[in-house]
Amino acid sequence: MITKQIGPAGKVRVTFSLPAAIWADTIHLVGDFNGWNPRATPLRATEHGWMVTLDLDAGRIYQYRYLVNDNEWHNDWNADGYVPNPYGGDNSVVDTTIFADSEPEAEQAVGQKPALMSFPPRLRLVSNG
């Protein structure tokens with residue numbers, strides 16, 4: 001699951017999370033934002049699940065996947081969308097374009113919290129044949 005909120009100037013604070021029910025020793029977030037480096041962005045295990053928060057550039061679309069235990073690739077089934085990858089599967093997508101003209105945290109009214117935004121999953125048709 002991904003949640004988004006306005007971040008520092010020109011950024012979107014995105015939290016990537018997976019349920020605690022996933023049994024794993026390690027989970028890494030791998031995508032466009034870290035050069036697809038399988039070690040750059042580990043998720044941390046909490047009582048609420050696995051999670052990591054990144055400040056991504058507003059106005060962009062990023063592809064990503066989760067790498068579980070260094071050998072299992074998983075998609076985020078609550079991503080903003082999916083695109084085919086060159087390996088016969090799909091990559092998850094997080095879209096920050098809606099935040100391209102958003103007001104940064106520093107300019108918000110005193111005491112006002114930034115709005116959290118969550119987008120519903122998008123369905124796609126899959127052919128069985």
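Just the heavy atoms: all of them, side chains too, but no hydrogens, waters or symmetry mates, feed the values below.
- The two residues L67 and P38 have their closest heavy-atom pair at CD2-CB, 3.7 Å.
- T26 meets the side-chain hydrogen bond (donor to acceptor under 3.5 Å, both in side chains) test with no other residue; sequence neighbours excluded.
- Residues passing the side-chain hydrogen bond (donor to acceptor under 3.5 Å, both in side chains) test with W36, sequence neighbours excluded: D32.
- When side chains are defined from C-beta on, R13 counts as touching P8, because their heavy atoms get closer than 4.5 Å.
- For the pair L43 and L18, the minimum side-chain heavy-atom distance is below 4.5 Å.
- Rounded to the nearest 0.5 Å, atoms OG1 (T41) and CZ (F33) are 6.0 Å apart.
- The heavy-atom pair separating Q5 from F99 by the smallest distance is C-CE2, 4.1 Å.
- The two residues L29 and Y64 have their closest heavy-atom pair at CD1-CD1, 3.5 Å.
- For E47, the side chain to side chain contact (heavy atoms under 4.5 Å, CB included) test picks out no residue, with sequence neighbours left out.
- Considering only heavy atoms from C-beta on, Y62 stays 4.5 Å or farther from D95 through its side chain.
- Shortest non-hydrogen contact noted between P84 and D90 is CA-OD1, 3.3 Å.
- Checked against side chain to side chain contact (heavy atoms under 4.5 Å, CB included), A24 has the following partners two or more places apart in sequence or in another chain: I22, I27, W50, V68, N69.
- With side-chain heavy atoms closer than 4.5 Å counting as contact, directly or through intermediates, the hydrophobic cluster containing V83 also holds I61, V93.
- By the 30° and 60° cut-offs, the orientation of the rings of F16 relative to Y66 is perpendicular.
- Considering only heavy atoms from C-beta on, D57 stays 4.5 Å or farther from T96 through its side chain.
- When every heavy atom of I2 is checked against every heavy atom of A79, the shortest pair comes out as CD1-CA, 4.2 Å.
- Annotation for R65 and N91: closest pair CD-OD1, 3.1 Å, computed over non-hydrogen atoms.
- Partners of S17 by side chain to side chain contact (heavy atoms under 4.5 Å, CB included), not counting sequence neighbours, listed by chain and number: M1, M51.
- Without hydrogens or angle criteria, N37 side chain to R39 main chain gives a donor-acceptor distance under 3.5 Å.
- Panel note: side chain S92, backbone N75; no donor-acceptor pair is recorded below 3.5 Å.
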